[in-house]
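Here's the structure we're looking at; comments come further down.
Chain letters run A, B, ... following the sequence lines, proteins first and then strands; every chain starts at 1.
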Amino acid sequence: MSIATALRVDAATTTRRRPVGLVRTKLDIAGVLVGVALAAVLPFAFQSASLLGFLAVMWIWIVVNIAWNVTLGYAGILSFGQLAFFGVGAYTSAILSVHLKVPPWLDTVAALVAGGLAALLVGVAVLRLRGVYVALVTLAFHELLMTMISGDTGGFTGGPNGLGPVRPYIATYNLLLQSAFGYWIGLAAVLLVAIAGILLVRSPVGLALVAARDAENVARARGVRVTRYRLVAFVFSGSVAGFGGALYGHYNGVVSPDIFNFGIVMTLLAMIIVGGWGTVWGPIVGTIAITVVVYYVQGIWAGYENAVAGVIMVVAILFLRGGLIGAAEGVTARGIRKRLWREPADAQR
Amino acid sequence: MTKELVAALFSGLVLGSLYALMSMGLALVWGGLRVLNLTQGTLYMLGAYAAVLAGRSGLSPVIGVLLAFVIIGVLGSLLYVGPVRRVSARPDHENAVLLLTFGLATLGEYAALVAFGPQPQSVQTLVHGQFTVVGVAFPWNSIMMIIATIMLLTLLGVVMKWTRFGLASRALAQQADGAQLVGINRHRTSMLIFGISSGLAGVGGVLLSSYYFVTPYIGQNYLLLALIVTILGGLGSMSGTLYAAFLVGLIQAISSLYLGTRWSLPLLFAVIIGVLIVRPTGIAGRVAQERL
């Protein structure tokens, strides 16, 4: 156990009510605000419906990845279920919207709740167990949903053909404006989720999660309720994924079992890993980076975007530990200090 | 009704032996290295394609099985020597290996898609003919599959229990540093474990190809079932995995008979969730003791 971990355990158990790293938190939130403000004027510069639509999906993936990073990076829970919870949200909103004609804003809330509930059910069953079991059960849950939905011939979920048309949040006949609305709605979601994510990981809960990730037994011995905090992270992650799923359904107009494609799981993982997990900015930077790559690969080698993302992911795991954010931190003063604090066994490799 | 039940029980046994071969690879790697190898499903699929290729070039099926064992086994060893060994020294290597093998598994699927195309391919059965008892047909091919699995798994059990290699891999699982101190070559043993488990997956793939169509996507389904079996049996426990494999096969066959194929997977999922809540380490798994 390194000194940094010990201090984190200590802080998590003794300073329950005080927020942590207040200056950094404020800086990060300011960064999010500035970034979103800059991105918000982009549609006026690029007046292309297809490009804006592409970026709208990117914002949705950023939402999903910020939440996934909380479980994967901060809590160290190896969950492959993020896209399954995303699918739960997408299908909840699509079913409510298509079959019951529920207004879009309301079914988005329902999707958020449904994603959280699904995560709660899966989480209660597996979070007391070792990390690998979580990976196995979430992967099985993903496959289960995919098989169930694509095998459904009753018409309730639409089966392999998908369910639609799902009404957009704001409907216009202008194609460009439609894409721009999708873009802005996605951006607004990024703003909300990014700030919620930053506040969560910098709260005592976030600190306890990191402490439990780095030294579970020590944290338990000091009274950190490891399983309960992990469940909080898992449910947060699941409900945000459900929210993202609803956004996607309303943007895309059709929800089909294609969203469970393993290629997408891998692309999202590649985004988080390339950006650097366990950091606030990692998933955001990584998602943007991989999206740019995917955009260019689509033009040259259509159909193999996910494979290229997979190659990048494997290379990043092997040669770029800590991702882009980790590489950038390596050259700053704070990063060097952090490296000195690391466990010797960890630092030498 | 008894006729259908007998047929379902038989197909449950066949499925169970397929799952046993595949999950044994997972259990073997977890038992020796404390990591999960998610490429197992893809290796299985590649083994099935090896059978397709062998069938096309007119080779004898027995040679096809041997070739698949060797080729897929070598592929698996390379997997250890290259990427897995590189990350195995990290403190979070359990997660790193899982993600790495997940990525490689999906890439392998894309490679098969490029090389063989998405259309399903079929292979001739290894053994022809069948015999009939009380009105139920028992194909010799399925009987051969069960026998081959039992023989392979017995052989594996003997190797793991009574050879120096088996002893070394169990020692590595208990205390990797201690095992190295007494002179066990960690990387060579791990490479062998990866090779053998992948070879088993390859053989499983060949056997499977005579039973089902082969597509680049079959790996996923079988990986899922192998994962369910492994959870149910307890990670790393070979006997538990064996029981669980046949249990899962029988549950699947009987539930498809009475409830329809659609419900067999949800039922299995409910079963594993139930088992995990009652016995978090599976049927035969033991709690791993960890130090601070």
Side-chain angles (χ1 to χ4, degrees), chain A residues 1 72 76 78 80 121-122 124-126 128-133 135-137 139-144 146-148 151-153 213-218 221 262-263 265-266 269-270 272-273 277 303-304 306-319 321 342-343 345-346 348-349, chain B residues 26 30 34-36 38 82-83 86-87 89-92 94-111 113-114 217 220-221 223-228 230-231 235 261-266 268-270 272-277 280-282 285 287-288 290-292:
Chain A
M1 192 175 66
L72 213 57
L78 210 56
F80 282 100
L121 282 179
V122 175
V124 164
V126 295
R128 289 172 302 142
L129 309 174
R130 301 181 55 105
V132 216
Y133 278 103
L136 297 182
V137 174
L139 207 58
F141 180 64
H142 177 111
E143 280 270 0
L144 172 76
M146 181 167 79
T147 323
M148 285 299 286
D152 177 31
T153 48
R213 175 194 72 189
D214 292 342
E216 181 172 344
N217 291 342
V218 180
F262 269 113
V265 181
M266 198 167 66
L269 270 178
I272 295 179
I273 289 168
W277 63 13
Y304 292 94
N306 295 330
V308 172
V311 172
I312 295 175
M313 178 180 98
V314 168
V315 171
I317 295 176
L318 290 177
F319 302 106
R321 249 188 105 186
R342 229 187 259 158
E343 253 171 294
D346 187 5
Q348 80 188 14
R349 288 186 253 257
Chain B
L26 282 176
W30 176 266
R34 289 282 176 264
V35 292
L36 267 188
L38 294 184
R86 202 188 142 79
V87 298
R90 296 181 189 171
D92 63 337
E94 197 177 297
N95 296 359
V97 171
L98 199 63
L99 292 171
L100 195 63
T101 52
F102 180 75
L104 290 171
T106 320
L107 287 180
E109 227 175 73
Y110 276 107
L113 193 63
V114 173
Y217 304 111
Q220 277 179 24
N221 304 336
L223 178 66
L224 169 72
L225 282 157
L227 292 179
I228 290 179
T230 319
I231 301 168
L235 275 175
T261 348
R262 271 198 67 204
W263 292 102
S264 67
L265 215 54
L268 276 179
F269 193 71
I272 55 169
I273 295 287
V275 167
L276 282 183
I277 288 173
T281 48
V287 185
E290 274 179 73
R291 294 175 300 161
L292 286 184

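Using a 4.5 Å cut-off between heavy atoms, A:Val311 touches chain B through backbone and side chain atoms alike. Within the 4.5 angstrom heavy-atom criterion, atoms from both the backbone and the side chain of A:Phe141 approach chain B. Contacts of A:Ile317 with chain B are made by both backbone and side-chain atoms, with heavy-atom separations under 4.5 Å. Of the atoms belonging to A:Leu72, not a single heavy atom falls under 4.5 Å from chain B. Only the side chain of B:Leu224 comes within contact range of chain A, with at least one heavy atom under 4.5 Å from a heavy atom of that chain. Heavy atoms of A:Met266 lying under 4.5 Å from chain B belong to its backbone as well as its side chain.
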Donor-acceptor list for residues 103-110 of chain B side chains, cut-off 3.5 Å, not counting sequence neighbours:
{"unit_1": "B:Thr106", "atom_1": "OG1", "unit_2": "B:Phe102", "atom_2": "O", "d": "2.9"}
{"unit_1": "B:Glu109", "atom_1": "OE1", "unit_2": "B:Gln220", "atom_2": "NE2", "d": "3.2"}
{"unit_1": "B:Glu109", "atom_1": "OE2", "unit_2": "B:Gln220", "atom_2": "NE2", "d": "3.4"}

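The number of heavy-atom neighbours closer than 6.0 Å to OH of A:Tyr304, taken from other residues, nucleotides and ligands shown, is above 12.
Distance check: B:Leu268 CG to A:Leu144 CG gives 9.5 Å after rounding to the nearest 0.5 Å. Here the straight-line distance linking atom CG of B:Leu38 with atom CG of A:Leu136 works out to 7.5 Å at 0.5 Å rounding. The CD1 atom of A:Ile272 sits 9.5 Å away from the CG atom of B:Leu99 when rounded to the nearest 0.5 Å.
Annotation: maximal heavy-atom pairing with chain B below 4.5 Å, among A:Ala140, A:Gly76, A:Gly310, occurs at A:Ala140. Contact count versus chain A (heavy atoms, under 4.5 Å) is highest, among B:Ile272, B:Leu223, B:Leu36, for B:Leu36.
The side chain to side chain contact (heavy atoms under 4.5 Å, CB included) test applied to A:Val124 returns A:Leu120, A:Leu231, not counting sequence neighbours.
Minimum heavy-atom separation, B:Phe269 to A:Val137: CE1-O, 3.8 Å.
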